[in-house]
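Okay, structure first, notes after.
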Amino acid sequence: AKAAGKNRYHVFDREGDAPELERLRLENELREAAANGELELFYQPVYSLELGRAVGMEALLRWNHPRRGTMLPGQFIPMAEETGLIVPVGRWVLEEAVRQAREWERSLPAGAAPMVGVNLSLRQFQNPGLVEHVARLLRESGLDPSLLTLEITESVAMHDVPATVEILERLNAMGVWLVIDDFGTGNSSIAYVGSRFRMNHLKLDGTFVREFLDDPENPTILPGLIDFAHTVGLRVIAEGVETRGQFERLRELGCEFVQGYYVAPPLPAGEATKLLAGRIPL
Ligand code: C2E
Ligand code: CA
Ligand code: CA
Ligand code: CA
């Protein structure tokens with residue numbers, strides 16, 4: 001017993017606590033993060049190959065942690081999903097994204113306001129208050145609903161198909177755009193996507209884009225996927241585009257939009273505003 005106790009003691013180091021305690025602490029900190037002004041949205045441009053400019057901005061969450069510095073979603077979203085904290089955090093994200101979208105709608109010349117994309121995870125999507133929350137934010141802000149885009153992944157869409165269809169229909173009826181995110185990574189039947197889910201856009205996952213476009217020897221199913229999307233009435237966003245070669249190839253394949261470091265990384269709101277106003281080039 002003594003040895004076990006000693007071993008147990010060893011998992012504590014001087015810098016921090018045991019992983020479980022560390023996680024509990026992070027959880028409690030995340031609970032307060034929004035109220036403490038530590039959450040921030042970065043915005044990554046979605047570039048229209050047709051128009052040659054940014055037509056969208058995807059909101060990507062950052063946590064400016066007082067001790068740990070800037071944390072990326074991968075460092076806290078899984079915990080937030082497991083604990084359910086993603087619901088209040090996600091509400092903050094929606095509110096902030098709608099506020100920013102409305103500010104851009106107000107301040108930019110007509111036609112220059114971007115569609116602002118918000119990522120929704122399974123827990124948020126299952127939350128019964130989601131549709132009413134979105135409706136209330138649109139009503140109270142006066143934002144043109146077509147300037148809001150909601151991104152859900154294939155696995156979220158496939159989780160409970162009848163429930164998903166109903167929620168998506170209600171969101172669609174409000175006029176918001178819907179995107180199926182990370183397309184190509186799930187195991188869902190792609191035939192479902194357009195027709196059943198009333199999606200407007202399909203976002204090809206970045207790993208997928210790189211894997212299929214970097215190796216010219218690799219027989220690629222990418223053209224087939226893009227054609228499929230078009231056949232079912234969906235427009236295609238390719239994410240994770242990092243090179244000029246990928247960018248050009250996607251253009252040739254008839255992909256409508258690209259997103260990735262080749263165009264622009266996720267930017268703080270101020271930088272995104274400058275970019276939209278044409279004060280910094282894309
Ligand atoms: P995602 O929705 O697939 O977002 C794309 C991720 O790829 C972002 O990572 C973005 O910074 C990164 N990225 C952009 N361009 C490139 C590129 O050219 N190459 C590479 N390798 N990566 C690129 P980030 O910001 O770390 O977000 C990771 C994930 O966290 C997101 O994946 C999304 O699933 C989730 N997430 C982010 N913000 C939120 C949020 O507000 N709510 C929820 N529920 N999830 C969020
Ligand atoms: Ca996304
Ligand atoms: Ca994605
Ligand atoms: Ca992804």
Side-chain angles (χ1 to χ4, degrees), residues 30 33-34 38-47 54 56-64 69-101 115-127 130 133-134 137 148-157 159 177-186 193 199-214 236-247 250 257-269 271-272 282:
L30 184 58
E38 293 164 14
L39 299 183
E40 181 179 4
L41 294 181
F42 272 41
Y43 293 91
Q44 185 174 35
V46 178
Y47 179 88
M57 286 284 176
E58 180 178 5
L60 293 162
L61 184 58
R62 303 291 181 257
W63 180 6
N64 299 314
T70 300
M71 292 177 75
L72 294 169
Q75 297 170 278
F76 61 93
I77 293 260
M79 175 271 280
E81 280 171 358
E82 279 167 39
T83 56
L85 273 174
I86 191 67
V87 173
V89 167
R91 288 174 72 87
W92 180 87
V93 169
L94 265 171
E95 279 166 28
E96 176 57 17
V98 166
R99 188 201 62 72
Q100 182 64 71
M115 297 184 282
V116 172
V118 173
N119 291 286
L120 294 180
S121 67
L122 182 61
R123 289 288 281 264
Q124 293 174 269
F125 200 74
Q126 289 174 326
N127 192 272
L130 173 73
H133 189 222
V134 172
L137 290 175
L148 180 64
T149 299
L150 300 176
E151 302 196 358
I152 65 165
T153 62
E154 273 182 291
S155 51
V156 170
H159 185 76
W177 294 98
L178 301 169
V179 170
I180 191 127
D181 199 1
D182 293 354
F183 189 75
T185 60
V193 175
M199 287 293 173
N200 309 106
H201 297 80
L202 188 155
K203 191 179 275 199
L204 293 171
D205 191 61
T207 52
F208 197 69
V209 168
R210 284 189 291 280
E211 185 178 320
F212 284 100
L213 294 180
D214 278 346
V236 180
I237 306 165
E239 74 175 5
V241 177
E242 294 180 349
T243 68
R244 188 197 172 106
Q246 293 166 348
F247 181 91
L250 286 160
F257 309 96
V258 293
Q259 202 183 349
Y261 300 153
Y262 178 71
V263 175
L267 303 164
E271 294 294 297
L282 203 58

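Counting starts at 1 for both ligands and their atoms, in listed order. Everything numeric here is computed off the predicted structure, so don't read it as measured data. Both backbone and side-chain heavy atoms feed into the values below; hydrogens, waters and symmetry mates do not.
- Residues Lys203 and Glu154 are not paired through a salt bridge, judged by the lack of any N-O separation under 4.0 Å between the basic side chain and the carboxylate.
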Requested in this report: Begin from the C-alpha positions of Asn64 and Glu40 and carry the test side-chain hydrogen bond (donor to acceptor under 3.5 Å, both in side chains) through to its verdict.
Outcome: CA-CA 7 Å; Asn64 299 314; Glu40 181 179 4; 2.8 Å; yes
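- Its N, O or S atom nearest to the Ca ion (ligand 2) is what matters here, and for Glu151 that atom is OE1.
- With a heavy-atom cut-off of 4.0 Å, Arg210 touches ligand 1 through its side chain alone.
- The option from Phe125, Tyr262, Trp92, Tyr261 that lies nearest to atom 16 (C) of ligand 1, judged by heavy atoms, is Tyr261.
- Distance check for Asn119 against the Ca ion (ligand 2): an N/O/S atom falls below 3.0 Å.
- Here atom 19 (N) of ligand 1 lies nearest to Glu242 when heavy atoms of Glu81, Glu242, Glu239 are compared.
- Within the structure, the closest approach of Gly74 to ligand 1 does not fall below 4.0 Å when heavy atoms are considered.
- Of all N, O or S atoms in Glu58, the one lying closest to the Ca ion (ligand 2) is OE2.
- Both the backbone and the side chain of Leu60 come within 4.0 Å of ligand 1, counting heavy atoms alone.
- Restricting Asp182 to its N/O/S atoms, the shortest distance to the Ca ion (ligand 3) is reached by OD1.
- With a heavy-atom cut-off of 4.0 Å, Gln259 does not touch ligand 1 at all.
- Classified by interplanar angle (parallel below 30°, tilted 30° to 60°, perpendicular above 60°), the ring pair Trp177/His201 is perpendicular.
- Nearest N, O or S atom of Asp181 to the Ca ion (ligand 2): atom OD2.
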